[in-house]
Amino acid sequence: MSETAIAPGFADPGRDSQAVFRAAMMAMARPGTICKLPVALDAPAPLAPGTAALALALCDFETPIWLDPALATEADVAGFLKFHTGAPIVVHPNEAAFALVAGANEMPALHRFAPGSLEFPDRSTTLFVQVETLRKDGGWRLSGPGIAGRAHLSAAPLPPTFLDELKANHAVFPRGVDIYFVAGHRIAALPRAILIDS
Amino acid sequence: MSAVGPTSAKGAAPPHPAAPRPPSPDGRRTGGADGYNFAYLDEQTKRMIRRAILKAIAIPGYQVPFASREMPMPYGWGTGGVQITASILGPDDILKVIDQGSDDTTNAVSIRRFFEKTAGIATTTRTREATIIQTRHRIPEEPLADDQVLVYQVPTPEPLRFLEPRETETRKMHALEEYGLMHVKLYEDIARHGHIATTYDYPVKVDGRYLTAPSPTPKFDNPKMHMSPALQLFGAGREKRIYAIAPFTRVVSLDFEDHPFEVNRFERPCALCGADNVYLDEVVLDNSGGRMFVCSDTDFCQERRAAGHAGEMLARAPSFVAGQR
Ligand SMILES: [Zn+2]
């Protein structure tokens with residue numbers, strides 16, 4: 001597939017990056033809220049349009065990207081990301097500034113990504129986890145910064161151990177990873193500061 | 001690790017608009033078609049700042065280091081806040097800028113003009129109309145809404161700096177949540193003055209974890225930070241730090257059981273609009289000691305007067321205080 005033309009990125013890179021970032025910022029500030037990304041990208045499968053938009057808005061030569069096996073086996077995906085962002089692709093999850101996951105069912109445990117250090121908890125991985133369903137009811141009960149009272153979020157499919165991994169991730173705060181769930185072009189954030197029970 | 005260099009694939013590139021600026025280090029073109037970048041900063045810088053903002057929101061109160069850029073204004077003029085605003089701003093935003101509580105000071109006016117010129121965005125003095133409010137010193141009196149973003153210009157982001165000058169040490173103190181020194185300092189205040197003397201930049205604990213500087217807002221405004229529906233972003237340009245308080249986040253001013261945190265109360269209402277429980281500035285009227293106390297938040301005061309509220313000196317106040325009537 002290497003002879004295929006690389007799919008186009010943002011039509012207006014400055015404007016589109018800002019619009020996508022702003023949605024991502026509001027999602028991060030309001031965990032459990034589902035935001036629609038305002039930009040549709042025709043990304044190479046199995047990269048979701050929302051994941052592609054987040055990557056193009058946030059990644060560049062300074063941010064190593066890790067691809068899960070489902071994405072890594074499609075050469076077009078790495079080609080698309082490298083071409084549009086210049087980001088290096090890394091082999092180990094804990095080297096990644098951003099980790100992109102299309103096969104959420106079989107994703108590595110969260111503790112295998114970079115949690116940052118106590119001195120520099122920002123040196124951590126942000127995950128874009130693609131799911132089929134993303135709803136703001138049922139599922140997990142969330143509380144903490146960004147949430148007035150409680151919020152609910154359900155995302156599927158995910159590994160059976162995922163809830164325990166989320167709790168363990170929160171338990172090492174201020175270390176830990178931050179997650180964007182992506183369904184099509186809809187996103188919801190789950191930062192490490194959020195307490196999860198269900 | 002060697003980063004992947006500029007993208008150079010031939011034939012597959014989507015057409016770029018003609019760009020007068022050279023490409024940024026990652027090979028992307030950054031210029032707008034009309035000769036400069038939207039909101040001044042190049043796209044690579046904005047991406048870096050945006051990533052720092054996301055981390056700051058995810059770790060409330062933690063100071064994220066960022067590669068602060070030179071801005072076409074001196075440090076002390078809010079370059080940290082300006083870089084945040086430039087990085088989050090979109091064409092549909094409506095920006096308000098205040099210094100102290102006023103939209104009309106030189107600093108506020110020049111920052112507002114800077115964004116009108118470089119981003120072509122709309123500006124306002126009305127708190128309610130603004131989507132982004134950049135501030136030095138004050139939080140508006142009118143409660144903020146949950147779709148608003150408050151951007152603080154911060155000169156001194158590290159609340160422990162005056163107790164411990166070494167960055168490696170303060171970083172360790174934050175890592176281990178060792179904030180005893182700050183309590184000792186505040187307690188020494190009590191021993192010396194009978195109360196905690198700090199009235200500006202009064203330290204807060206964010207979500208029960210990070211000691212954080214509201215810098216340099218008066219402690220009068222500290223309670224407004226607690227569970228605010230608005231997202232609060234803090235930028236320190238010279239010190240190269242960004243931090244954040246997510247909406248609906250617990251923000252507690254440090255205190256002691258026998259000396260609870262108290263805001264400064266004003267004994268009188270605003271002389272122009274009659275508002276109680278607002279932050280007042282003293283205005284000297286003449287050389288013979290005449291003075292009055294008026295809202296520091298000029299938009300709040302004007303809106304109240306427009307709605308028919310009147311303070312005891314409204315009719316007599318000179319126009320340099322009361323504005324045109
Ligand atoms: Zn007033």
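Keep in mind that this is a model prediction, so the values were computed, not measured. Numbered from 1 within each chain, the chains take letters A, B, ... in sequence-line order.
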Most contacts with chain B, counted as non-hydrogen pairs under 4.5 angstrom, among A:Ala27, A:Pro121, A:Ser117:
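The answer is A:Pro121.
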Please state whether the side chain, the backbone, both or neither of B:Val149 comes within less than 4.5 Å of a heavy atom of chain A.
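Contact with chain A: side chain only.
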Side chain, backbone, both or neither of B:Ile49 within contact of chain A (heavy atoms, under 4.5 Å):
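The answer is neither part of B:Ile49.
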Nearest heavy-atom pair of [X] and [Y]: which atoms, and what distance?
X	Y	answer
A:Glu119	B:Tyr62	O-OH, 3.4 Å
A:Pro174	B:Ile59	CB-CG2, 3.9 Å
B:Ala58	A:Phe173	O-CE1, 4.0 Å
A:Ala29	B:Pro247	O-CD, 3.2 Å
A:Ser124	B:Lys55	O-NZ, 2.8 Å
B:Asp207	A:Pro145	OD2-CG, 3.3 Å

Less than 4.5 Å to any heavy atom of chain B: does that hold for the side chain of [X], its backbone, both, or neither?
X	answer
A:Arg15	side chain
A:Arg30	side chain
A:Ala193	both
A:Ile147	backbone
A:Asp122	both

At what distance, to the nearest 0.5 angstrom, does [atom1] of [X] lie from [atom2] of [Y]?
X	Y	atom1	atom2	answer
A:Leu118	B:Arg171	CG	CZ	11.5 Å
B:Glu43	A:Ser17	CD	OG	5.5 Å
A:Asp178	B:Leu54	CG	CG	8.5 Å

Counting N and O atoms only, with roles assigned by atom type, does the side chain of A:Gln18 sit under 3.5 Å from a partner on the main chain of B:Ser87, one being a donor and the other an acceptor?
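Answer holds: no.
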Main-chain N/O of B:Ile88 paired to A:Arg22 side chain as donor or acceptor, under 3.5 Å
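Confirmed, A:Arg22 side chain pairs with B:Ile88 backbone.
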Please determine whether the number of non-hydrogen atoms from other residues, nucleotides or ligands lying under 6.0 Å from atom [atom1] of [X] exceeds 12.
X	atom1	answer
A:Glu106	CD	no
B:Arg128	CZ	no
A:Arg135	CZ	no
A:Asp42	CG	no

Winner by heavy-atom pair count (cut-off under 4.5 Å) against chain A, out of B:Ile245, B:Asp146, B:Leu176:
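Most heavy-atom pairs under 4.5 Å with chain A: B:Asp146.
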Option in B:Lys46, B:Arg209, B:His174 with maximal non-hydrogen atom pairs under 4.5 Å from chain A:
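The option with the most such pairs is B:Arg209.
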Listed by chain and number, what are the side-chain contact (heavy atoms from CB on, under 4.5 Å) partners of A:Asp16, not counting sequence neighbours?
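With neighbours one apart ignored, the set is A:Phe10, A:Ala11, A:Asp12, A:Val39.
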NZ/NE/NH1/NH2 to OD/OE distance under 4.0 Å, B:Arg51 and A:Glu62:
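Salt bridge: yes.
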Could you go step by step and tell me if B:Arg47 and A:Thr63 meet the side chain to side chain contact (heavy atoms under 4.5 Å, CB included) rule?
CA-CA 11 Å; B:Arg47 262 197 310 278; A:Thr63 59; over 6 Å; no
